[in-house]
**Student:** 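Supplied in structure tokens, the structure appears directly below.
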Amino acid sequence: MSYLSVLLLFLAFTACRKSEGITTDAKAKLSFSTDTVLFDTVFTSSGSTNKQLKVYNTNQKAVNISQIQLSGGAGSYFSLIINGQPVNQKSNLQIDGNDSISIYVKATIDANSQTKPFIAQDSIVFNTNGNKQTVALVAYGQNAVFINNQTITANTTWNSSLPYIVYKSVTVASNATLTILPGTKVLFHSNSGMHIKGTLLANGTPASPVLFSGDRMESIYADEPGQWSGLHFYSSSSNSKLHYTLVKNAIIGLTVDSLSKTQTPRLSLTNSIVKNMTIAGFVGYNAHLNAFNNLFYNAGQYLLYGVSGGKYNLKQNTFAGYNAKFPRRTPALYFSDLSNALPTRNLQLQLINNIIWGSLTEELLIDKKTTAGIDAEVSNNVIKTILKTYEGNSNLLNTDPSFIEPLKDNFMLKNNSSIINKGRDLSADPAFGIFLNKDLNDQPRIFPSEPGCYESN
């Protein structure tokens, strides 16, 4: 018998064995990794990430799925990749015994007139040996205002009716003011950011803060750093104010690149939270910053980095250098009169009633490298440090503030904290009547008060 004859006989025998190995039993059903593929908020026209659905054949013999299809057909909000192929239906797909396939699902929702989130639904239908099985597909849809590389040249107000999705960038031109009302969400696509050359006023409230974040709403992105570039305040900008604002998940949250030309700070940051940054929460180059009642935490390098001098008025802030995602080696706060790229400048620093704490032995460094002047008032702070520089002035060195649950982002103080009532009385401070009379939770600050952004009444 020739080699070719033997080969043909073997292939015919194998084909026969395979056909005999496919069950036609009506009881042979499929199993699935989930009965519902659920998508978090999907913005119209932007689409979601792919989610995986595993389809299992737990039978000893192979099964033939006669049909896989989207129930909604061509009009569905969803699309499929079935076993590596981008198709929304497939016939006669075999799964060997005790084996599985993968189906990837994506949601893309067209824009409509609704202002509130809505539900988009469909299902994947599987027909196997006369059995009809379904897996539900559910997405929460949300219309949005899309901003694509836009420059705002006139005074403009954004409200909370719809989220704003920024692609590439948005620029606030010189002499223009962008006012953002309470509860507004400004969400940035990958690597995009906001360039402020005029004035930015984010006017949040305790109940309705303004949000700056990435545009991925899936739960896995909720605290993922590096999703967008951040807010950059240029030398032409003036008198920007962020009040009750949440800035999160960027590369650098806030950048101020020069000193104000007047006595008014280039940026005032009050009652706000800055968290989850790849590099830093705030970067200042000879910057002018007023910051009261803020919470900074979780950054890859610095929570606040100010070089080439500048003016910093920092009171009642909590800087918590707990880094679940980063092996940080730099202090939480760093100030210097020098920068490699900029001229040497004088540094004026008021650091009063702050908590500067974290996982390192040194969380504050005021680094004088030149003959430029450094005028630093550092008093009534709780500081994690190995330096003796900050002894005196009612600073508490290496006194654990006793946060309630720092690894769960709760930086309020325990009732038995040893720093309670250790803050300086700031009732005569110019900012007291506007900002410092209440804490980040909008609770009255009663003296003797606590250092940090939370009052323990």
**Student:** I'd like to know if the side chain of Ser268 and the backbone of Lys241 have a donor-acceptor N/O pair within less than 3.5 Å.
**Tutor:** no
**Student:** Does the side chain of His243 come under 3.5 Å of the side chain of Thr270 through a donor N or O and an acceptor N or O?
**Tutor:** yes
**Student:** Using modelled atom types only, decide if a donor and an acceptor are shared between the side chain of Ser192 and the backbone of Val166 within a distance under 3.5 Å.
**Tutor:** yes
**Student:** If you measure only the distance, is there a donor-acceptor pair under 3.5 Å linking the side chains of Ser394 and Arg424?
**Tutor:** no
**Student:** Parallel, tilted or perpendicular for Tyr312 and Phe335, by the 30°/60° rule?
**Tutor:** perpendicular
**Student:** Does a side-chain heavy-atom distance below 4.5 Å link Asn346 with Asp375?
**Tutor:** no
**Student:** So, for Ile252 and Met277, which heavy atoms are closest and what is the spacing to 0.1 Å?
**Tutor:** C-SD, 4.3 Å
**Student:** Is a side-chain N or O of Asp122 found less than 3.5 angstrom from the main chain of Gly72, in a donor-acceptor match?
**Tutor:** yes
**Student:** For the side chain of Thr36 and the backbone of Leu38, is there at least one donor-acceptor N/O pair under 3.5 Å apart?
**Tutor:** no
**Student:** Find out whether Ile124 and Val105 are in side-chain contact, i.e. whether some heavy atom of one side chain is under 4.5 Å from a heavy atom of the other.
**Tutor:** yes
**Student:** Restricting to non-hydrogen atoms, name the atom on Ser456 and the atom on Leu413 that form the minimum distance, rounded to 0.1 Å.
**Tutor:** OG-CB, 3.8 Å
**Student:** Supply the atom-to-atom distance Asn410 CG to Ile404 CD1, rounded to the nearest 0.5 angstrom.
**Tutor:** 4.5 Å
**Student:** Angle between ring planes, Tyr164 versus Trp158, binned at 30° and 60°: parallel, tilted or perpendicular?
**Tutor:** parallel
**Student:** Is the number of heavy atoms from other residues, nucleotides or ligands under 6.0 Å of Asn416 CG greater than 12?
**Tutor:** yes
**Student:** Indicate whether any N or O donor in one side chain lies under 3.5 Å from an N or O acceptor in the other, for Arg216 and Asn249.
**Tutor:** no
**Student:** Minimum heavy-atom separation for Lys275 and Leu246, please, with both atom names.
**Tutor:** CE-CD1, 4.2 Å
**Student:** Are the side chains of Leu426 and Phe435 in contact, using a 4.5 Å heavy-atom criterion?
**Tutor:** no
**Student:** Apply the test side-chain contact (heavy atoms from CB on, under 4.5 Å) to residues Glu362 and Thr385: give CA-CA distance (whole Å), side-chain angles for both, the deciding distance (0.1 Å), then the verdict.
**Tutor:** CA-CA 4 Å; Glu362 183 55 65; Thr385 180; 2.7 Å; yes
**Student:** Between Phe432 and Phe447 (judged by ring centroids, cut-off 6.0 Å), do the two rings come close enough to count as a pair?
**Tutor:** yes
**Student:** Is atom OH of Tyr77 surrounded by more than 12 heavy atoms (other residues, nucleotides or ligands) closer than 6.0 Å?
**Tutor:** no
**Student:** Do the side chain of Gln142 and the main chain of Pro163 share a donor and acceptor less than 3.5 angstrom apart?
**Tutor:** no
**Student:** Would you compute the distance between atom CG of Leu178 and atom CD1 of Ile196 and round it to the nearest 0.5 angstrom?
**Tutor:** 8.5 Å
**Student:** Around atom CG of Asp442, are there more than 12 heavy atoms of other residues, nucleotides or ligands at under 6.0 Å?
**Tutor:** yes
**Student:** Given Asn421 and Glu450, is the side-chain contact (heavy atoms from CB on, under 4.5 Å) satisfied, shown in steps?
**Tutor:** CA-CA 5 Å; Asn421 296 339; Glu450 285 69 63; 3.1 Å; yes
**Student:** Taking Gln350 for its side chain and Glu377 for its backbone only, find out whether a donor-acceptor pair lies under 3.5 Å.
**Tutor:** no
**Student:** Hey, does the side chain of Ser33 reach the backbone of Lys54 with a donor-acceptor pair shorter than 3.5 angstrom?
**Tutor:** yes
**Student:** Drop me the distance from Met412's CE to Leu440's CG, to the nearest 0.5 angstrom.
**Tutor:** 9.5 Å
**Student:** Can you tell me if Ser102 and Gln52 form a side-chain donor-acceptor pair at under 3.5 Å?
**Tutor:** yes
**Student:** Is the shortest heavy-atom distance from the side chain of Val283 to the side chain of Leu254 under 4.5 Å?
**Tutor:** no
**Student:** Rounded to the nearest 0.5 Å, how far does CD1 of Ile355 lie from NZ of Lys422?
**Tutor:** 13.5 Å
**Student:** Do the charged groups of Arg328 and Glu363 touch, with an N to O distance under 4.0 Å?
**Tutor:** yes
**Student:** With no hydrogens and no angle check, is any side-chain donor or acceptor of Gln301 less than 3.5 Å from a backbone partner on Thr330?
**Tutor:** no
**Student:** Answer yes or no: is there a side-chain heavy-atom contact under 4.5 Å between Arg266 and Ser237?
**Tutor:** yes
**Student:** Minimum heavy-atom separation for Asn143 and Phe43, please, with both atom names.
**Tutor:** O-CD2, 4.4 Å
**Student:** May I have the step-by-step check of side-chain contact (heavy atoms from CB on, under 4.5 Å) for Leu269 and Val274, ending in yes or no?
**Tutor:** CA-CA 10 Å; Leu269 181 70; Val274 180; 4.2 Å; yes
**Student:** For residues Ser208 and Tyr244, determine if any side-chain heavy atom of one lies less than 4.5 Å from a side-chain heavy atom of the other.
**Tutor:** no
**Student:** Do Gln316 and Asn353 get their side chains close enough for a donor-acceptor pair, meaning under 3.5 Å?
**Tutor:** yes
**Student:** Between Lys106 and Ile81, is there a donor-acceptor pair closer than 3.5 Å when you use the side chain of the first and the backbone of the second?
**Tutor:** no
**Student:** Less than 4.5 Å apart, any side-chain heavy atom of Val172 and any of Thr199?
**Tutor:** no
**Student:** Just wondering, more than 12 heavy atoms not from Lys438 lying within 6.0 Å of its NZ?
**Tutor:** no
**Student:** Scan Ile180, Thr179, Thr245 and name whichever one has a side-chain contact (heavy atoms from CB on, under 4.5 Å) with Leu200.
**Tutor:** Ile180
**Student:** For atom NZ of Lys168, is the number of surrounding heavy atoms from other residues, nucleotides or ligands below 6.0 Å larger than 12?
**Tutor:** no
**Student:** According to the interplanar angle, ranging from 0 to 90°, do the rings of Tyr305 and Tyr334 count as parallel (below 30°), tilted (30 to 60°) or perpendicular (above 60°)?
**Tutor:** parallel
**Student:** Assess the side chains of Asn395 and Asn381: does a donor N or O sit below 3.5 Å from an acceptor N or O?
**Tutor:** yes
**Student:** Which value, rounded to the nearest 0.5 Å, describes the distance between Ser213 atom OG and Trp228 atom CH2?
**Tutor:** 7.5 Å
**Student:** To the nearest 0.5 Å, how far apart are CG in Asp429 and CG in Asp425?
**Tutor:** 10.0 Å
**Student:** For Ile420 versus Lys414, what's the shortest heavy-atom pair and its separation?
**Tutor:** CD1-O, 3.6 Å
**Student:** Give a yes or no on whether the backbone of Val135 and the side-chain of Ser123 come within a donor-acceptor separation of less than 3.5 Å.
**Tutor:** no
**Student:** State, yes or no, whether a side-chain contact exists between Asn88 and Ser79 at a heavy-atom distance under 4.5 Å.
**Tutor:** yes
**Student:** Take Val378 and Ile366, measure what side-chain contact (heavy atoms from CB on, under 4.5 Å) needs, and give me the verdict at the end.
**Tutor:** CA-CA 10 Å; Val378 182; Ile366 302 173; 4.0 Å; yes
**Student:** Does OH in Tyr140 sit with more than 12 non-hydrogen atoms of other residues, nucleotides or ligands closer than 6.0 Å?
**Tutor:** no
**Student:** Looking only at heavy atoms, what is the nearest atom pair of Gly358 and Tyr322, with distance?
**Tutor:** CA-CE1, 4.5 Å
**Student:** In a check of ring pair (Phe, Tyr, Trp, His ring centres under 6.0 Å) between Phe411 and each of Trp357, Tyr454, Phe296, Tyr297, which one passes?
**Tutor:** Tyr297
